[in-house]
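Heads up: the structure comes next, in structure tokens.
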Amino acid sequence: MTQEKTEQDQTRFPVPQTLAQSARCNADDYQRLYRASIDDPDGFWREQGQRLQWETPYTQVKNTCFDGDVSIKWFEDGTLNASVNCIDRHLPEKANDIALIWEGDNPAYHHAITYGQLHDHVCRFANVLKNMGVKKGDRVTIYMPMIPETAYAMLACARIGAVHSVVFAGFSAEALANRIKDCDSQWAITADEGVRAGKSIPLKNNLDEAARSCPGLKAVLAVRHTGATVSWVDGRDYWYHEAALKVDSRCEPVVMNAEDPLFILYTSGSTGKPKGVLHTTGGYLLWASITHDYVFDYQPGEIYWCAADVGWVTGHSYIIYGPLANGATSLMFEGVPTWPDVDRFWQIINKHKVNIFYTAPTALRALMREGDAPVERHDLSSLRILGSVGEPINPEAWLWYHRVVGKGRCPIVDTWWQTETGGMMITPLPGATDLKPGSATRPFFGVKPALVDAEGQIIEGAGAGNLVITDSWPGQARTLYGDHERFIQTYFSAYPGTYFTGDGCKRDADGYYWITGRVDDVINVSGHRMGTAEVESALVAHHLVAEAAVVGFPHDVKGQGIYCYVTLNAGLEPTEDLARELRQWVRKDIGPIATPDHIHFTPSLPKTRSGKIMRRILRKIAENDFSNLGDTSTLADPSVVDSLIEGRQIR
Ligand code: PRX
């Protein structure tokens, strides 16, 4: 792939000739299909909906409204089952093809699961859940490591119409309990332990701790993974391997309406309480499937690896639902990029001859620091397409990924999307889109992005503003579980009639989109989305803390780090020990991903006369940028700023 300079002096990587010819979608196809999807969404999606296998064909396609009560329905009179679409319909031709390749944390462990085997495992799992009493519509919390049983558990829920709520295994017992309670989940699935970088994570014990504050939890199903001894509550807890022996390997799928819920996934917003984003069956599955197919240009027989965790939406859509709906081979990795050594990713790509690789900029930045040698030790010639997701990718990391990992041959698809969007929204297509490092490029079919200014006016042509989407797409979240009002408030009230993404964005003269990051109180730490309010409420729950304000700051590897301003109760002196204790406290309350990078003790916070904390100033100070603090005259006590700057400089 050669490099050209455009008129705007941006580096541009044209589509390689071979791909323009061989890919399923070239530039002309993209133009034609995109136009069709916008001019006639009903007709376009009526046709595309045929990618799925329906039990009852739909006659209705799009029935959506972003005003008033906000109602989003797609294919509303169609019925289908997601597990049938991900498994059964492939069986006539692909029973012996590999559905999942599992690579353990320990490099000696790996195995492959065919579509035929996946069918048996999922049916067994579904029958076990049924025997425990799980029924259609029940919420099932899944707190699991990256093992095949996690995929079986999700698909088993889908098979019997239960709604899964996967909670990332790095979350604490407390965070888990909140999520179990929020969706009133009576059932939970976990493993004895998880393993990452050779270290055990006591999942069952964490779940037991969470269960103490969840009286509604009726039963727990535990998968034996490491064989560790775990605490046990007789009558409530069941071992999966024992229960599985007593059930059949066939299970009739439950026929679901397209708009029946498929899963809930909690994500962070600008308040302390995580939001239960709800996705439904038909539209979500179609979106995961079509985006996986076009964006990765997936070709039959290829080995595809998304290195995310199933605890996040990327894992849901691009380890499980998208690839399996497409009959692909999806690799699932239990471990971390740097263990046993910093070349683990590259070793896996070579070992399994991975063709398509999808990861996050934070991982790339960490690996880039190790130099080129760990990559060059391995034969990566199987790679064809590279992907990036979760946060803006800085051009330096993009160019390294392209040159060193992709040897200049492989297009990089920088995919912008969110938990709420269900799947990719702004993204290159490998055979259609010239690339510019750092730009997510252009919208996928059916996506109508727009930029708005502070007054809510739409910005035409090149410019910068807040990113909104002006019409619905099938993969869109339908509501927040149990709180439709909050759904409307969060996404549809800032700019009425449009979906507000929470992201800032630029559009260049070529119509390319450049995501600049969140414009709300959400930060992105190592690709993990976190509400600063969540960290604040953890801090103020400590008995010595009077007040706290948390902001993000630029971090070389993590993208953003967590910077906490803390005011102690009167009379207390800050100490290093206390800073350490607070870091541990937050870690225990939320999970290791929320561990603060900086604790900045301050006698007071910058507040307006009405008592509102001026976060803008706190952000600037955390960024070490003291020159642009803006107007501080509205502060109740402007001298606070000087003492904060002093505090920052000694760090
Ligand atoms: O700020 C954007 C950033 O991640 C946010 C969504 O986070 P989450 O719901 O956890 O989903 C992550 C996986 C899709 C967005 O609001 N983000 C995601 N992808 C990109 C990105 N920012 C820039 N470029 C991307 N490719």
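None of the values given here were measured: they were computed from a predicted structure. In each ligand, atom 1 is the first atom listed, and ligand 1 is the first ligand listed.
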Over 60° means perpendicular and under 30° means parallel, so classify the ring planes of Y284 and F263, tilted if in between.
perpendicular
Counting only pairs under 3.5 Å, give me each side-chain donor-acceptor contact of residues 303-311, with atom names and distances, residues two or more places apart or in other chains.
| from | atom 1 | to | atom 2 | distance (Å) |
| --- | --- | --- | --- | --- |
| Y304 | OH | Y318 | O | 2.6 |
| D309 | OD1 | G311 | N | 2.7 |

Within a distance under 4.0 Å of any heavy atom of W417, pick out the atoms of ligand 1 and give their elements.
6 (C), 14 (C), 15 (C), 18 (C), 19 (N)
What do you reckon, does R518 have a nitrogen or oxygen under 3.5 Å from a nitrogen or oxygen of ligand 1?
yes
Taking only heavy atoms of V389 into account, list the atoms of ligand 1 that are under 4.0 Å away from them.
13 (C), 14 (C)
The protein heavy atom nearest to atom 23 (C) of ligand 1 is P392 N, 3.1 Å
Quick look: T314 vs ligand 1, heavy-atom contacts under 4.0 Å, and the answer is side chain
Do the ring planes of F553 and H598 sit parallel (below 30°), tilted (30 to 60°) or perpendicular (above 60°)?
tilted
Is there side-chain contact between V336 and R344, with at least one heavy-atom pair below 4.5 Å?
no
Between D503 and ligand 1, does any nitrogen or oxygen pair lie at a separation below 3.5 Å?
yes
Can a donor-acceptor pair be found between the side chains of R139 and S165 at a distance below 3.5 Å?
no
Check each heavy atom of E391 against ligand 1 and say whether those closer than 4.0 Å belong to the side chain, the backbone, both or neither.
backbone
N or O pair under 3.5 Å between G390 and ligand 1
yes
Contact partition for A440 relative to ligand 1, non-hydrogen atoms under 4.0 Å
neither
Which atoms of ligand 1 are found less than 4.0 Å from any heavy atom of N524?
3 (C), 4 (O)
Should you measure from each heavy atom of T419, which atoms of ligand 1 turn up under 4.0 Å away?
8 (P), 9 (O), 10 (O), 11 (O)
Starting from atom 7 (O) of ligand 1, find the nearest protein heavy-atom neighbour and note its residue, name and distance.
R529 CD, 3.4 Å
Of Y294, W473, Y34, which is the lone residue that meets ring pair (Phe, Tyr, Trp, His ring centres under 6.0 Å) with F445?
Y294
Rounded distance [0.5 Å steps], CG in N466 versus CG in D453
9.0 Å
Is T501 close to ligand 1, meaning an N/O of one under 3.5 Å from an N/O of the other?
no
Using the salt bridge (Lys or Arg N to Asp or Glu O under 4.0 Å) rule, take D293 and R24 through it: C-alpha gap first, then chi angles, then the decisive distance, then the call.
CA-CA 9 Å; D293 191 0; R24 70 182 295 91; 3.4 Å; yes
Per-atom contacts, ligand 1 versus I515 - under 4.0 Å to a heavy atom
22 (N), 23 (C)
Specify whether W398 and H402 have parallel, tilted or perpendicular ring planes, treating 30° as the upper limit for parallel and 60° as the lower limit for perpendicular.
parallel
